[in-house]
There are 2 protein chains.
Amino acid sequence: MSKKSNLPQPTDAELEILQILWEAGPSTVRFVNGRLNEQQEKEIGYTTTLKLMQIMTEKKLLSRNTETRTHVYLAEAVQEVTQKALLKKFVDAAFQGSATSLVMQALGNHQTSQEELDEIKALIEKIEKG
Amino acid sequence: MSKKSNLPQPTDAELEILQILWEAGPSTVRFVNGRLNEQQEKEIGYTTTLKLMQIMTEKKLLSRNTETRTHVYLAEAVQEVTQKALLKKFVDAAFQGSATSLVMQALGNHQTSQEELDEIKALIEKIEKG
DNA sequence: TTGCGTTTACGAAATATTTCGTATATCATT
DNA sequence: AATGATATACGAAATATTTCGTAAACGCAA
C-alpha cells in the first residue's frame with residue numbers, strides 16, 4: 001500500500017511554471033523566469049518567480065537541489081497525473097461532467113491535422129475493442 | 001459590424017451558477033441556492049448566492065427581471081460560447097495548447113459509451129470530409 | 001395597520017493568489 | 001579581504017475571489 005499523497009492542485013501561475021519544467025527538465029529560477037517573460041507581454045520580476053517556486057516547493061509540487069549556490073528545481077508533480085486531475089475538475093466545472101461534449105467542442109473548434117485525427121481514431125478503436 | 005463585447009470569464013463559483021441557469025433556465029436566487037446546496041457538502045448561505053448573482057449581473061453574465069418582487073435571473077453568457085472560451089484557456093494552460101492531447105486524455109480517462117464514441121467518430125469523419 | 005417571513009442592498013470580512021521590496025548570503029575576481 | 005554581480009529568504013502589499021452580517025424593503029395574512 002503506497003501512499004499516493006495527492007498533490008495540491010497548482011494555481012494558474014504555478015501551472016505555467018510546471019509547464020516549463022515539464023518541457024525543459026530541472027531548471028534554475030532565472031531560466032524559468034526568462035521563459036515566462038519570453039512568452040508574456042508584461043515583465044514578471046525575478047523574485048516573483050522565485051517566490052512562487054518556493055511556495056510550490058513547500059507544496060511539494062517541486063523539489064530542489066540546494067547543494068550548489070544556484071538551486072536547481074525539479075517538477076515533482078507528474079505531467080500526466082496533474083493533467084488528469086485538472087481535466088476532471090474542468091470537465092465537471094465547465095461541461096457538467098460530460099467528457100464527450102468537451103471532446104466534441106475541442107475537435108470542433110481547433111483545426112486538427114489528419115495525423116492527430118488518426119491518433120484519436122486509433123484510440124477509439126482501442127477503446128471499442130475492450 | 002456587431003460588437004460582440006466579450007463577456008468576462010466567470011470564476012469557479014460563478015460557473016456553477018451558470019451551469020444551473022443553463023440547465024434550468026431563468027430562475028430565482030432561492031432556486032439556484034437550493035441547487036447549489038443539493039450538489040454540495042457545505043452549506044452556502046442565501047445571501048452569498050445572491051451576492052454572486054448580483055456581481056454576475058454587473059458583469060453582464062446574467063440579467064434579471066426586477067418587475068416582480070422576486071427577481072428572476074437569466075443567463076446572458078451563452079453556454080457554447082462560454083465553454084469555448086474556457087476550453088481555449090484551459091488547453092493553453094494545462095496542455096500547452098494541444099487540443100489533441102487533451103482529447104486523448106479525456107477519452108482515455110473516462111469511460112465512454114459506444115453511442116458517444118459513435119458521435120465522436122461521426123464528427124471526425126465530418127472534419128475529414130470538409 | 002401591524003407583524004412575520006422573505007427578499008434585495010450594501011459593505012465589509014475572510015480567504016486565496018500574485019507580485020514585489022528589501023535584507024542577507026554566496027561566489028568569483030581582484 | 002574588499003567589491004560587484006547574482007542568489008535566496010522573508011514578509012508584506014496588491015489583487016481577486018468568496019462568504020456573510022446586518023439593514024432596509026416588500027407583501028401577505030391576521
Side-chain angles (χ1 to χ4, degrees), chain A residues 7-21 26-37 39-74 77 82 86 89-90 93-94, chain B residues 7-21 26-37 39-74 77 82 86 89-90 93-94:
Chain A
L7 298 174
Q9 295 209 337
T11 65
D12 287 353
E14 290 173 347
L15 195 50
E16 290 196 77
I17 290 174
L18 277 178
Q19 300 260 25
I20 291 168
L21 290 177
S27 309
T28 65
V29 173
R30 184 152 302 284
F31 174 83
V32 171
N33 183 244
R35 277 296 187 85
L36 285 175
N37 284 325
Q39 304 168 343
Q40 292 192 324
E41 53 299 345
K42 73 158 182 289
E43 278 287 301
I44 292 179
Y46 173 87
T47 54
T48 299
T49 303
L50 169 64
K51 181 64 169 182
L52 267 173
M53 292 175 74
Q54 286 173 339
I55 291 172
M56 292 169 78
T57 303
E58 268 180 30
K59 291 192 194 172
K60 311 284 188 193
L61 289 171
L62 309 184
S63 64
R64 68 183 155 186
N65 183 337
T66 58
E67 284 174 17
T68 56
R69 175 161 122 77
T70 301
H71 298 181
V72 174
Y73 287 78
L74 171 73
T82 304
L86 290 172
K89 180 170 172 250
F90 180 70
Chain B
L7 299 174
Q9 295 210 333
T11 65
D12 287 352
E14 290 173 348
L15 195 49
E16 291 196 77
I17 290 173
L18 278 178
Q19 300 260 26
I20 290 168
L21 290 177
S27 310
T28 64
V29 174
R30 183 151 303 283
F31 175 83
V32 170
N33 183 243
R35 278 297 185 86
L36 285 175
N37 284 325
Q39 305 167 344
Q40 291 191 326
E41 54 300 342
K42 72 158 182 290
E43 277 289 299
I44 291 178
Y46 175 87
T47 56
T48 299
T49 303
L50 169 65
K51 181 64 169 182
L52 268 172
M53 292 174 76
Q54 287 173 338
I55 292 172
M56 291 169 77
T57 303
E58 269 180 28
K59 290 193 194 172
K60 311 283 189 196
L61 289 172
L62 308 184
S63 65
R64 69 183 156 186
N65 184 336
T66 59
E67 284 173 18
T68 55
R69 174 160 126 75
T70 300
H71 299 181
V72 174
Y73 288 78
L74 172 73
T82 304
L86 290 172
K89 182 173 171 247
F90 181 70

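Just so you know, these numbers use all the heavy atoms, side chains as well, and skip hydrogens, waters and symmetry mates. So that the names make sense, note that chain A is the first sequence line, chain B the second, and so on, each numbered from 1.
One can place CD1 of A/I44 at 15 Å from C1' of D/dA14, the figure rounded to the nearest angstrom. Atom CD of A/Q9 and atom P of C/dT17 are 11 Å apart (whole Å). In this structure, A/L36 places its CG atom 13 Å from C1' of C/dT18, rounding to the nearest Å. Straight-line distance from the CZ atom of A/F31 to the P atom of D/dT6: 18 Å, rounded to whole Å. Between the CG atom of B/N37 and the C1' atom of D/dT18 there is a distance of 14 Å, given to the nearest Å. Between the C1' atom of D/dT6 and the OH atom of A/Y46 lies a distance of 8 Å, rounded to the nearest Å. Rounded to whole Å, atom P of C/dT15 lies 18 Å from atom CG of B/D12. Counting to the nearest Å, the C1' atom of D/dA16 and the CD atom of A/E14 are 15 Å from each other.
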Every protein N/O within reach of nucleotides 27-30 of chain C N/O, cut-off under 3.5 Å:
from, atom 1, to, atom 2, distance (Å)
C/dC27, O4', A/R69, NE, 3.4

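Between D/dT18 and B/T48, no contact under 4.0 Å exists linking OP1 or OP2 to a side-chain N or O.
Closest approach of B/K89 and A/D12 over heavy atoms only: NZ-OD2, 3.6 Å. In terms of heavy-atom proximity, A/A13 sits nearest to A/L52 at CB-CD1, 3.8 Å. In this structure, B/L21 and B/Y73 approach most closely via the heavy-atom pair CD2-O, 4.0 Å.
Under a 3.5 Å cut-off, the side chain of B/N33 and the backbone N or O of B/L50 do not form any donor-acceptor pair.
Contacts with DNA chain C (heavy atom under 4.0 Å) in residues 49-64 of chain B: B/L50, B/K51, B/Q54, B/R64, listed by number.
If you take CD1 on B/I17 and CD1 on B/I44, they are separated by 8.0 Å, rounding to the nearest 0.5 Å.
For the pair A/L36 and A/I20, the minimum side-chain heavy-atom distance is below 4.5 Å. A heavy-atom distance below 4.5 Å is found between the side chains of B/L15 and B/L86.
A 6.0 Å sphere centred on CD of B/E67 holds no more than 12 heavy atoms belonging to other residues, nucleotides or ligands.
With respect to B/M56, the side chain to side chain contact (heavy atoms under 4.5 Å, CB included) criterion is satisfied by exactly one of B/E14, B/K51, B/R64: B/E14.
Among the nucleotides D/dC20, C/dT19, D/dT17, the one closest to the side chain of B/T11 is D/dT17.
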